[in-house]
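Contents: one structure, followed by commentary.
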Amino acid sequence: MLVVMRDHASQEEIDHVVDRLHEAGAEAHLSGGAVKTVIGVVGEREVVYSLELEGLPGVEEVVRVLKPYKLVSRDFQAEDTVIRVGGSVVGASDAAMIAGPCSVESEEQMLAIARAVKAAGANFLRGGAYKPRTSPYAFQGMGVAGLELLREAGDEVGLPVVTEVLDVRDAEVVAEYADVLQVGARNMQNFMMLEELGKMRKPVLLKRGLAATIDEVLQAAEYLLKGGNRDVMLCERGVRTFETYTRNTLDLAAVAALRTLTHLPVIADPSHATGRRELVAPMCRAALVAGAHGLMVEVHNDPEHARCDGPQSLTPEQFAELMGTLGPILALDARRWGSAA
Ligand code: PEP
Ligand code: MN
């Protein structure tokens with residue numbers, strides 16, 4: 001349920017509504033625009049619906065939201081969420097380019113790639129230290145040593161770092177090193193983990209599950225916002241279909257749909273969606289045209305010898321060439337790479 005306050009409702013009036021909600025055992029989540037405050041009410045349906053809030057001072061309207069997600073919806077917050085991480089910004093007209101290797105492999109590898117993607121204009125550095133591998137015999141990531149190398153490389157070039165939390169038991173340690181916590185496709189509906197990350201105050205990049213509907217993505221994000229974490233970006237990384245030529249099927253309609261349904265930034269990951277290096281650049285361009293607020297692209301200085309996802313990784317040269325083609329697309333609707341620098 002949403003309580004829409006009148007324009008310029010006083011703080012006292014807002015506090016009064018919030019107090020009533022708390023007394024009834026419901027949660028109040030505030031979304032404050034310059035003029036209007038909307039209070040998202042979360043709690044047991046019977047309790048919430050029995051509250052009589054219409055007559056309270058400053059209340060303009062009480063809206064019953066039938067969608068299963070509320071805080072992530074545009075009804076709760078009309079304006080795009082803008083997330084600031086270090087010197088980088090994502091959301092509204094600020095776009096993110098999150099680039100780096102699939103997994104952290106060594107200091108030399110991480111530094112070489114970090115320098116290359118930074119020079120080409122990326123505003124976030126990625127690299128996995130805990131890898132969700134289909135085979136238990138495949139490289140599982142370097143763990144804490146990998147987090148250290150990622151952090152070092154990010155600091156060296158001045159980029160915030162994004163890395164995956166594979167297990168809720170690692171959340172604290174990953175948060176010590178990372179600026180953005182990635183929830184991988186395989187964990188999108190790990191509700192216990194979402195609850196834990198919702199309590200933390202670190203931005204989260206939530207990837208779409210392998211076979212998750214748009215509705216399920218939004219409900220997963222709702223867990224994070226319900227916990228109080230507002231800095232959440234969604235990531236379309238392709239879904240499973242009958243097609244096997246590409247690793248997954250990049251669902252660009254989902255990008256456009258999410259832009260209408262939620263205020264959260266939407267990122268597209270053509271690397272994992274296609275699994276093929278030659279398809280990454282065209283799908284990056286298409287995703288930006290579809291309205292994505294950013295891209296995640298795997299880059300490796302020696303893709304042939306990459307320990308993970310080499311076939312979909314761009315070389316630094318290919319990445320720089322790609323970046324050159326994306327600026328004009330962003331400029332078409334007055335967007336730019338979101339960097340405070
Ligand atoms: C990744 O980004 O390295 C990754 C494993 O992605 P996904 O969870 O989308 O498969
Ligand atoms: Mn990968």
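Atoms within each ligand, like the ligands themselves, are counted from 1 in listed order.
- Using modelled atom types, no side-chain atom of S339 and backbone atom of N123 make a donor-acceptor pair closer than 3.5 Å.
- Residues R74 and T260 are not in side-chain contact: their nearest non-hydrogen atoms beyond the backbone lie 4.5 Å or more apart.
- From the protein, the heavy atom lying nearest to atom 6 (O) of ligand 1 is K207 NZ, 2.9 Å.
- Looking at I98 and V90, their side chains never come closer than 4.5 Å, going by heavy atoms from C-beta outward.
- For the atom pair CG (D302) and CD (E105), the distance works out to 8.5 Å, reported to the nearest 0.5 Å.
- Heavy atoms of C235 found under 4.0 angstrom from ligand 1: none, in either backbone or side chain.
- Counting just the N/O/S atoms of D309, the one with the shortest distance to the Mn ion (ligand 2) is named OD2.
- Each of V59, D19, T37 was compared with I14 under the side-chain contact (heavy atoms from CB on, under 4.5 Å) criterion, and only T37 meets it.
- At a threshold of 2.8 Å, the Mn ion (ligand 2) has a backbone or side-chain N, O or S atom of C102 nearer than that distance.
- Nearest to atom 2 (O) of ligand 1 by heavy-atom distance, out of M296, R247, R126, is R126.
- The nearest N/O/S atom of E298 to the Mn ion (ligand 2) is OE2.
- The ligand atoms of ligand 1 that sit less than 4.0 angstrom from a heavy atom of E298 are 3 (O).
- E298 and H300 form no side-chain donor-acceptor contact under 3.5 Å, judged by distance and modelled atom types alone.
- In terms of protein heavy-atom proximity, atom 9 (O) of ligand 1 is nearest to R237 NE, 2.6 Å.
- Looking at K67 and D75, their side chains come closer than 4.5 Å, going by heavy atoms from C-beta outward.
- At least one heavy atom of Q182 sits under 4.0 Å from some atom of ligand 1.
- Remark: ligand 1 and D269 share no N or O pair separated by less than 3.5 Å (distance only, no angle test).
- Proximity to G184 (heavy-atom distance under 4.0 Å) selects the following atoms of ligand 1: 8 (O).
- The protein non-hydrogen atom at the shortest distance from atom 4 (C) of ligand 1 is H272 NE2, 3.6 Å.
- Residue P132 approaches ligand 1 through these ligand atoms, each under 4.0 Å from one of its heavy atoms: 5 (C).
- Using cut-offs of 30° and 60° on the angle between ring planes, the pair F191 and Y223 is parallel.
- Considering both main-chain and side-chain atoms, A185 comes within under 3.5 Å of ligand 1 through a nitrogen or oxygen pair.
- When side chains are defined from C-beta on, M110 counts as touching P101, because their heavy atoms get closer than 4.5 Å.
- Residues L30 and V18 are in side-chain contact: their nearest non-hydrogen atoms beyond the backbone lie under 4.5 Å apart.
- Among the atoms of E164, none of the N or O lies under 3.5 angstrom from an N or O of ligand 1.
- Taking the N/O/S atoms of H272 in turn, the shortest distance to the Mn ion (ligand 2) belongs to NE2.
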